[in-house]
Amino acid sequence: MYTQGLDQPAELSTSLDEASLERRFLERVDAEEKIEPKDWMPVRYRNTLIRQISQHAHSEIVGMLPEGNWITRAPTLKRKTILIAKVQDEGGHGAYLYSAAETLGVSREQMIDQLLAGKAKYSSIFNYPTPTWADVGAIGWLVDGAAIMNQLPLCRCSYGPYARAMVRVCREESFHQRQGYDLMLQLARGTPEQKQMAQDALNRWWWPALMMFGPPDADSMHSSDSKRWKIKRLSNDELRQKFVDFTVHQANFLGLTLPDPQLKWNEAQQRHEYGPINWAEFEQVLKGNGPCNAERLAARRKAHADGAWVREAAVAYAAKQSKKRASLAA
Ligand code: BYC
């Protein structure tokens, strides 16, 4: 996708050959030093980061849509306020992440153009519908829960701007997860109809939440490089397993049943075994054929077009201000 890295500092590239630079880079990674935007880095490392961080940013922005759908219909003022704050946080996460990706030499416009053209990936999870209020609870509990599981290790990622952005994102995700769990708890302790609504939402979101962690390790083409470069600290399957082990207890406390008849505790391995994930469905969602892919992209394209006047006004205002400063300085 992006084949060119930024120019490397001239004195370094002339005094050291590529292999020595790469060796030094790997030594710094091994020593747990953070790599910063102006440091030398291999082009593949830069491109891997641009790919992952931009996909992550897109996920936050597209991720505003399934829950945003419920803002006008939240059942109480308190729930509406919480939901508005959560969706707004997600917009903020997208903004930090686009900024982190920009430090690698790609522009926000390029990234957004790729999203709107349908060429960029974003998390599979946001291509599923939210037909009931309980889906808002299930997203907070499971989707934000899975996101924290995946993102906590990213706080220790080797690339400084991404690692630092993740610290704040994780704190906010933790609030998001708790509000979702609290919503599910209220429904689970409510009327039989409310409890059923919570169970149905859990049934809808469980398997897509497990897919969020990405393909099985054996099929994860980027994992070995990402682990070597300490972008990824834990593998897709390791994180998925931690998520299952964690969530089983939370579901028990809610009195809800995870929709997996093969789920069972393995005493010898001290972990839960779970049933097969439908990877064919995951592939279809990634190809753009999930239940809501077309709807999500159409909503983003409309928002982008509707916001054109805001961007034009901001550019005109900035030009006016810089002209004013120039005439004052003259
Ligand atoms: N969906 O080699 P692999 C949120 C792609 S938003 C779509 O394992 P990698 C929230 C992968 O990109 C949180 N595509 O890749 C927001 C690659 O394709 P390309 C979103 C997926 O990068 C609002 C191919 O499959 N979190 O929390 O080593 C409301 C092979 O995979 C998915 C992040 O973005 C997927 N689920 O590992 C509520 C976390 N999985 O690029 C909540 C940051 C895999 O070669 N990202 N693919 O075309 C990561 O940690 C890693 O990128 C992944 C994948 C674990 C997702």
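For this chain, numbers begin at 1 and follow the sequence in order. Any value given below was found using the heavy atoms of this structure, including those in side chains, with hydrogens, waters and symmetry copies removed. Ligands are counted one by one from 1 in listed order, and the atoms in each one are counted from 1 as well.
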Donor-acceptor pairs are to be reported for all side-chain atoms of residues 134-157 against protein atoms at under 3.5 Å, with residues two or more places apart or in another chain.
unit_1, atom_1, unit_2, atom_2, d
Asp135, OD1, Arg204, NE, 3.0
Asp135, OD1, Arg204, NH2, 3.3
Asp135, OD1, Trp205, NE1, 2.7
Asp135, OD2, Thr132, N, 2.7
Asp135, OD2, Thr132, OG1, 3.0
Asp135, OD2, Arg204, NH2, 3.1
Trp141, NE1, Gln250, OE1, 2.8
Asp144, OD2, Lys86, NZ, 2.9
Gln151, OE1, His56, NE2, 2.7

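At a 4.0 Å heavy-atom cut-off, the residues surrounding ligand 1 are Arg51, Gln52, Gln55, His56, Ser59, Glu60, Gly63, Glu67, Lys86, Glu90, Lys121, Tyr122, Ser123, Ser124, Phe126, Val143, Asp144, Ala147, Asn150, Gln151, Leu154, Tyr162, Glu173, Met211, Met212, Phe213, Gly214, Pro215, Ser220, Met221, His222, Lys232, Asn236, Phe282, Leu286, listed by chain and number.
Applying the under-4.5 Å side-chain rule to Ile, Leu, Val, Met, Phe, Trp and Tyr, the cluster around Val310 extends to Trp309.
Under the side chain to side chain contact (heavy atoms under 4.5 Å, CB included) criterion, Leu263 pairs with Val244, Val248, Leu258, Asp260, His272, Tyr274, sequence neighbours left out.
For the atom pair Asn293 CG and Ser124 OG, the distance stands at 9.5 Å (nearest 0.5 Å).
In this structure, the side chains of Glu281 and Trp207 stay at 4.5 Å or more apart for every pair of heavy atoms.
Ion pair Asp245/Lys242 not flagged as a salt bridge, since none of the NZ, NE, NH1 or NH2 atoms sits closer than 4.0 Å to an Asp/Glu carboxylate oxygen.
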